[in-house]
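Structure first, then comments.
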Amino acid sequence: MIETLIVLTIAGFIGYTAQITGLCMVRGVSDWMRGRRLRLTGIVMAGFWIYLFTPLIAYYDRPFLNVYAFHWTIPLGGLIFGVGAAFNGACSISTATRLASGDLRMLLPMIGWLAGWVMLILLQVEPNLDRSTFHPGLVPWFAVSALALASVLVFWRFRARWRMWSGIMLVGIFAGALFLYEPAWSPSDFVRDAGLNLMGGDSLSPSILRAMLLVAMLVGMGVGAWRFGRFHWRSPASGDVSKYLGSGVLMGVGSALALGGNDYQLLLALPALSMAGVSALAGMLAGIWLGTKLLRTLAKKNRVAQ
């Protein structure tokens, strides 16, 4: 019972911190394009805090860091996911963050995401690649030392942005702890498994604990939104349906090809140091950049036309 309360508290803390720090890869890329690079740097680095738990992973024999070989479908999937996330204005975690802030439009990309994933399964084009377990060696010691040093430098040189940086780092640390207890805790994993199970697929129904973790995370996000005045009800307008459903389909197709959404790539695939994870994340960043540029170009043309 105490152990369950601890992990639920961790999930709630992740949700709260993700809300108040603006943890979103789409926002990170947008900031980068404006010359503000600290947010995206922190988001990319945060997943490596999972190395803190390397001794516990070995002790409990729960090696969930998997290495996949490179395949051309993986960066392609990342690119497609990134474009969809840019059109949606939010990636995996930030879609849940906006939903917890009262934005009911975010239900549509979740539905579209599941539809895109299922579509690939029905077409039998979902990649099924061999994997091996990651053996870190001395990498965790160097990585954690580098993260600690980077955090000290940010505190020293960018004091005004320390709150954002430290929040993102804390999400990485607590996400690593949660993965140790439940490797499939992320919102995108839950939506995928629940949807595929309801459709009679091979996926197991998510456990009650996973549902409780998702609820705890959404509650944390909602509390953060309420505390900082970000909670506002937003219902889908008629023009929103195709936009957000279509964005979700792209994210679903992309995450299926890339073997996971950006939460998986950042928190699990990238720390495993596989070419698959690196190429998927590179594709996602390129896709978000491309989608953002396209949206800005269209907005500029609309302003000129008016």
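Values below: all heavy atoms of this structure, side chains included; hydrogens, waters and symmetry mates excluded.
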*Hey, does R161 have a side-chain heavy atom less than 4.5 Å from the side chain of V154?*
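No, their side chains stay 4.5 Å or more apart.
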Q. Could you go step by step and tell me if W185 and F179 meet the ring-ring contact (aromatic ring centres under 6.0 Å, His included) rule?
A. CA-CA 7 Å; W185 62 265; F179 275 122; 5.2 Å; yes
Taking every heavy atom of A280 against every heavy atom of I74, the minimum-distance pair comes out as CB-CG2, 3.5 Å
Please check if atom [atom1] in [X] has more than 12 non-hydrogen atoms from other residues, nucleotides or ligands closer than 6.0 Å.
| X | atom1 | answer |
| --- | --- | --- |
| W289 | CH2 | no |
| I208 | CD1 | no |
| R163 | CZ | no |
| F228 | CZ | yes |

| said: For the CG atom of L209 and the CG atom of L8, what is their distance to the nearest 0.5 Å? | reply: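 Going from the CG atom of L209 to the CG atom of L8 covers 6.5 Å.
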So CG of L76 and NE2 of H71: to nearest 0.5 Å the spacing works out to 10.5 Å
So, S255 versus W113: side-chain donor-acceptor pair below 3.5 Å or not?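 There is such a pair (donor and acceptor under 3.5 Å, judged by atom type) between the side chains of S255 and W113.
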Just checking, is any N or O donor in the side chain of R296 or S30 under 3.5 Å from an acceptor N or O on the other one?
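The answer is yes; a qualifying pair exists.
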Report, one line per pair, each donor and acceptor closer than 3.5 Å where one atom sits in a side chain of residues 97-104; sequence neighbours left out.
{"residue": "T97", "atom": "OG1", "partner": "I93", "partner atom": "O", "Å": "3.1"}
{"residue": "R98", "atom": "NE", "partner": "D103", "partner atom": "OD2", "Å": "3.4"}
{"residue": "R98", "atom": "NH1", "partner": "N88", "partner atom": "O", "Å": "3.2"}
{"residue": "R98", "atom": "NH1", "partner": "G89", "partner atom": "O", "Å": "3.3"}
{"residue": "R98", "atom": "NH2", "partner": "D103", "partner atom": "OD2", "Å": "3.1"}
{"residue": "S101", "atom": "OG", "partner": "Q19", "partner atom": "NE2", "Å": "2.8"}
{"residue": "S101", "atom": "OG", "partner": "T97", "partner atom": "O", "Å": "2.9"}
{"residue": "D103", "atom": "OD1", "partner": "R105", "partner atom": "N", "Å": "3.2"}
{"residue": "D103", "atom": "OD1", "partner": "R105", "partner atom": "NE", "Å": "2.8"}
{"residue": "D103", "atom": "OD2", "partner": "R105", "partner atom": "NH2", "Å": "2.9"}

| R157 to F155, cation-pi by 6.0 Å centre distance and 45° axis angle | no
